*Asks:* 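Just dropping this structure here.
The structure displayed is predicted, hence computed values, not measured ones. One-based numbering, in listed order, for ligands and for the atoms of each. These numbers come from the heavy atoms of this one structure, side chains and all, not from hydrogens, waters or symmetry mates.
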Amino acid sequence: MGVPWAAFAEVRVLHRGAAADRPAEVLPADAAAALYPEAAAAIQRISAPRTLPMALPIGRPLVMGVVNVTPDSFSDGGQHDEAGPAIGHALDLAEAGADIVDIGGESTRPGAIPVPEEEELARVLPVIEGLIDAGCPVPISIDTRKAAVAERALALGAQLFNDVSALTHDPASAGVARKAPALCLMHAQGDPQSMQANPRYGDVLLDVYDFLSERIAAAEAAGIPRERIVIDPGIGFGKTMEHNLALLRGLPLFQSLGCPLLLGVSRKRFIGTLSGVETAAERVHGSIAAALTAVTQGAHILRVHDVAATVQALRVWRAVTPSPPEPGDTA
Ligand code: HH2
């Protein structure tokens, strides 16, 4: 099975277009594959063995710690926008149990003003260099939409190109991603400045699925092997509360794309709206609740600000969640 801690024995058949109103059918996976041959490959991918890039372990959910080297990020802007504090923060997150640290120099919060390339480079490169010099014990991810920023970060030793535009923002990005050990393709509708103005979908779950499917195909056509690709439905990026909830409820659908699933719910606006907590940095409890529902549905990597709290929650969750039996197990 694709995710060692979550098993999928049945398949819900979703329809779009003229058939969208048909009642949802829930069928055993084999029966669904026989009845809908056009979906057989996707159904097969759900159970195909998954590997994670960067030699990351596949047997447990992983935590990606967020390091925003920005003055204006929505929940921690200005807290570590100098290299020294940012390096210290990233090392603290690794010490607290982060499996990856994600370094970003441009806020992509709704309404954010784009950052010029030179400015973004000046923010992130000293941090990555400092982390490599300090022997950072976990892989470093670069959170950027710009090919030049990713290229310089990778040259210094970053391993994951985390592109919230899924290689659509910068035409040079696919060429850079080809050389990266790992790539995250995230769905966003519109750009950060305007994305929350009036997001619209025919069917948000299926539209995001189709987008990611098309971006994986484009990445493969550009010479990036599927084994290096991680996917992310992009919670909060051009999405209303209902869109975010529909994606979180429908998360298992993305298993059929055959790539590890990364999810960023940490401290986001919808957590504040649901819980009535206005201050983003105080949304840790709601963030963990959302994160645990996501891992239960097979999310592999959680992108979070509150690493220690998330790691604590995952340790307890793992202890009480039995791994599903392997095929052939009789116990
Ligand atoms: N969310 C943010 C930034 N990068 N990358 C991925 N793959 N998935 C996400 O959900 C995601 C992301 C936004 O969070 P943050 O970096 O804390 O805020 P800001 O963009 O304001 O710096």
*Asks:* Look at atom 21 (O) of ligand 1 and say which protein heavy atom is nearest, naming residue and atom and giving the distance to 0.1 Å.
*Replies:* S107 OG, 2.7 Å
*Asks:* With distance as the sole criterion, is a donor-acceptor pair present between the side chains of S73 and T70 under 3.5 Å?
*Replies:*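 Per modelled atom types, S73 and T70 side chains form a pair under 3.5 Å.
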*Asks:* Which residue owns the protein heavy atom closest to atom 17 (O) of ligand 1, what's the atom, and how far is it?
*Replies:* H305 NE2, 2.6 Å
*Asks:* Please verify the inter-ring angle class for F254 with Y209; under 30° counts as parallel, over 60° as perpendicular, anything in between as tilted.
*Replies:* tilted
*Asks:* I'd like the name of whichever of R303, M186, R109 reaches closest to atom 14 (O) of ligand 1 through any heavy atom.
*Replies:*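 The residue whose heavy atom sits nearest atom 14 (O) of ligand 1 is R303.
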*Asks:* Heavy atoms only: give me the nearest L91-P137 pair and the separation to one decimal.
*Replies:*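 In this case the closest contact between L91 and P137 is CD2-CD, 4.4 Å.
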*Asks:* Just which atoms of ligand 1 are under 4.0 Å from any heavy atom in V164?
*Replies:*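 Numbered from 1, ligand 1 contributes 4 (N), 5 (N), 12 (C).
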*Asks:* Hey, which atoms in ligand 1 end up nearer than 4.0 Å to a heavy atom of N162?
*Replies:* 5 (N), 6 (C), 7 (N)
*Asks:* Looking only at side chains, do Q159 and S141 share a donor and an acceptor under 3.5 Å apart?
*Replies:* no
*Asks:* When you compare ligand 1 with S75, is there at least one nitrogen or oxygen pair between them that comes in under 3.5 angstrom?
*Replies:*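 No; the residue has no nitrogen or oxygen that sits under 3.5 Å from a nitrogen or oxygen of the ligand.
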*Asks:* What residues, two or more places apart in sequence or in another chain, satisfy side-chain contact (heavy atoms from CB on, under 4.5 Å) together with A182?
*Replies:*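 Checked A182 against side-chain contact (heavy atoms from CB on, under 4.5 Å); matches are P53, M54, L160.
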*Asks:* Just to confirm my output: which protein heavy-atom neighbour is closest to atom 20 (O) of ligand 1, and how far is it?
*Replies:* T108 N, 2.7 Å
*Asks:* Does the N or O separation between D76 and ligand 1 drop below 3.5 Å for any pair?
*Replies:* no
*Asks:* In terms of residue, atom name and distance, what is the protein heavy atom nearest to atom 6 (C) of ligand 1?
*Replies:* D232 OD2, 3.1 Å
*Asks:* Is it the case that the side chain of R283 and the backbone of E278 share a donor-acceptor pair, with hydrogens and angles ignored and the cut-off at 3.5 Å?
*Replies:*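 Yes, R283 side chain to E278 backbone: donor-acceptor pair under 3.5 Å.
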*Asks:* Is the shortest side-chain N to carboxylate O distance from E220 to R226 below 4.0 Å?
*Replies:*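 Yes, E220 and R226 are salt-bridged.
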*Asks:* With the threshold set at 4.0 Å, does a side-chain nitrogen-carboxylate oxygen contact exist between R16 and D210?
*Replies:*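 Salt bridge present between R16 and D210.
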*Asks:* Nearest 0.5 Å, what's the CG-CD1 distance between L156 and I103?
*Replies:*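 The CG atom of L156 sits 11.5 Å away from the CD1 atom of I103.
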*Asks:* Among protein heavy atoms, which lies nearest atom 10 (O) of ligand 1, and at what distance?
*Replies:* K268 NZ, 2.7 Å
*Asks:* For atom 4 (N) of ligand 1, what's the nearest protein heavy-atom neighbour? Residue, atom name and distance, please.
*Replies:*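 Answer, as residue, atom name and distance: D143 OD2, 2.9 Å.
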*Asks:* Less than 4.0 angstrom from a charged side-chain N to a carboxylate O is my criterion; do K179 and E151 meet it?
*Replies:* yes
*Asks:* Would E106 count as a polar contact of ligand 1, with the cut-off being nitrogen or oxygen pairs under 3.5 Å?
*Replies:*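 No.
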*Asks:* Counting from 1, what ligand 1 atoms have a heavy atom of L262 closer than 4.0 Å?
*Replies:*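 Heavy-atom distances to L262 below 4.0 Å select 7 (N).
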*Asks:* Determine, using heavy atoms of T70 and all atoms of ligand 1, whether some pair is separated by less than 4.0 Å.
*Replies:* no
*Asks:* Would you say F74 and ligand 1 have an N/O pair spaced under 3.5 Å apart?
*Replies:* yes
*Asks:* Counting each atom of ligand 1 from 1 as listed, which ones have a heavy atom of S73 under 4.0 Å away?
*Replies:* 19 (P), 21 (O), 22 (O)
*Asks:* Over 60° means perpendicular and under 30° means parallel, so classify the ring planes of Y201 and H187, tilted if in between.
*Replies:*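 Aromatic pair H187/Y201 classed tilted.
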*Asks:* Report, in ascending order of atom number, the atoms of ligand 1 lying under 4.0 Å from any heavy atom of G264.
*Replies:* 10 (O)
